[in-house]
Amino acid sequence: MTVLLVALLLMLALLSFWRMVKGKLEPKPNYPRGLSSLPVIGSLFHFAGHTQLHLLFHRLQQTYGSLYSLYMGSNFVVVVNNYLHAKEVLLKKGKIFGGRPRKVTTDLLSRNGKDIAFANYSPIWKCQRKLVHSALSMFGDGSLALEKIICQEAASLCEILSATQDSPLDMAPELTRGVTNVVCSLCFNSSYQRGDPEFEAMLQYSQGIVDTVAKESMLDIFPWLQFFPNKDLALLKKCVQVRDQLLQQKLVKHKEMFSSDSVNDLMDALLRAKLNMENNNSHLLPGQELTDDHLLMTVADIFGAGVETTTTVLKWTVLYLLHYPEVQQKIQEEIDQELGFNRYPLLDDRQHLPYLEATISEILRIRPVAPLFIPHEALMDTSIGEYDIPKGAHIVINLWSIHHDEKEWEKPGEFNPGRFLDKDGKRIYSPSSSYLPFGAGVRVCLGEVLAKMELFLFLSWTLQRFTFSVPEGHTLPEPEGKFGVVLQVPTFKVKATLREAWKSKVIDQ
Ligand code: STR
């Protein structure tokens, strides 16, 4: 009996010794320093009362350093606030971090990740991206057609501004329509007139989607909430339904009219690719074919992204020009000098208008469109810097912190387009690498070229002709953004005054 007891004790001692040795040999993973957390809710109590997540994550650096971790409910989240770490995630380990966390709201929006923005890294996803990329360069930068379309929309915007001259105007819907028509031409080869009911419906559902989707809401953190009545979820479902109806109509029409000899827009290009893939279906594995759902969700993404992002930047620019009339004046002086009043701006003028280009760069820095990008997911065990990152971790890159890093930017809170110009003010350059307005790596923005074309043309056209100011009796709008899937601009009114030199001219194209 005693022998047995001694043997048992010895075995236990050996076991614990072996565990200790093993523990020493295989050290605990070295995760980034973490915020305290509780079961079920995770670290959410740190967020109480904060809706501006990008600002909170920026501030938490003071306590936890630039790379830290937390729990959103039961999800392990790593927050990256430094550009070197961000580049490691996006560029060096782009494929490893190429996943997207599944969320209730984005699954609803994208039919369980059949789009590009919210889908995981996969062969079919790569194919979708490639198709959009080649379609964009075919209809976009490859030809002059797009430049002409944008100029037409810019001219129409100017007409509206001169018709409503001097009376307070909310420019948001007008800017949205201009930008929407450009994306509409690209996606569907169509456009909207002012007051078109379909356009009004689109404005509404888009706002509903922006208000509810991918903003780290409770619904996304606790998926079981979807089984209870939820206002946000009901709104999102309604908006997605309206959007899908519109898209479905467009798809049916495109299928009816389809001819592989005349591919006029993104939808045609996707339909052609789908037919081609079906014709050589020998190497198509199940789950890897391009379905109607993939096609619709791809177009929906390009459309939604194309509208919401560029419009947001244009609104921010007008808001900042109200705050900094001297910047507006400088842009106008540059335009007057380089272009004069007898011709309208073209893309070729970009190289001659560095101050306008610098202003656009500064807007993209100080008010990034997507302050936390869209979260990434680690597809395998990996690392960031010296820290271990487990498979399945969600990675939130705080672009706000990257663009407001005091070690990289002089007075980052100040709006100063001059920081993007060389000392003669003739050439635009980036004074810091801590600047990623369009992201980087395998998931880099597909619309960067298009966006830059639109921003330049819409702004140069309007500023050549008009001066924006705060209407009498109105106050300057606060430059506070509202956090969401895009950083939303407050609603405000402007007075657009036709400049002296244009008073005797008619705007023609
Ligand atoms: C805006 C509203 C809408 O109707 C559809 C979409 C889907 C694509 C989204 C877009 C949204 C918001 C901006 C996103 C874009 C994909 C890429 C872009 C998130 C929700 C950015 O990363 C800024």
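Whatever order the structure lists ligands and atoms in, that order sets their numbers, starting from 1.
- Below 4.0 Å from some heavy atom of Asp301 lie the following atoms of ligand 1, by number and element: 7 (C), 8 (C).
- With ligand atoms numbered from 1 in the order given, ligand 1 contributes 1 (C), 2 (C) to contacts under 4.0 Å with heavy atoms of Glu308.
- A salt bridge is absent between Lys215 and Asp220; no separation between the charged side-chain nitrogens and carboxylate oxygens falls under 4.0 Å.
- Scanning the protein heavy atoms around atom 15 (C) of ligand 1, the nearest turns out to be Ala305 CB, 3.7 Å.
- Taking atom 20 (C) of ligand 1 as the reference point, the nearest protein heavy-atom neighbour is Val213 CG1, 3.8 Å.
- Counting only heavy atoms of the protein, atom 19 (C) of ligand 1 lies nearest to Val485 CG2, 3.5 Å.
- Counting heavy atoms closer than 4.0 Å to ligand 1, residue Val486 contributes side-chain atoms (C-beta onward) but none from N, CA, C or O.
- Near Ile209, meaning under 4.0 Å from any of its heavy atoms, are these atoms of ligand 1: 2 (C), 3 (C), 4 (O).
- Of the protein's non-hydrogen atoms, the one nearest atom 5 (C) of ligand 1 is Gly304 CA, 3.6 Å.
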Check the pair Glu408, Ser432 against side chain to side chain donor-acceptor pair (under 3.5 Å), reporting the backbone distance first and the verdict last.
CA-CA 6 Å; Glu408 293 292 328; Ser432 164; 2.8 Å; yes
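- Listed by number with element, the atoms of ligand 1 under 4.0 Å from a non-hydrogen atom of Ala370 are 23 (C).
- In this structure, Trp409 has its ring center under 6.0 Å from that of Phe420.
- Remark: Lys493 does not engage Asp170 in a salt bridge, criterion side-chain N to carboxylate O under 4.0 Å.
- Residues Leu296 and Met267 meet the side-chain proximity criterion, which asks for heavy atoms closer than 4.5 Å.
- The closest protein non-hydrogen atom to atom 16 (C) of ligand 1 is Ala117 CB, 3.5 Å.
- Between Phe97 and His376, the ring center distance fails the sub-6.0 Å criterion.
- The pair Arg194-Glu174 meets the salt-bridge criterion, since a charged nitrogen lies less than 4.0 angstrom from a carboxylate oxygen.
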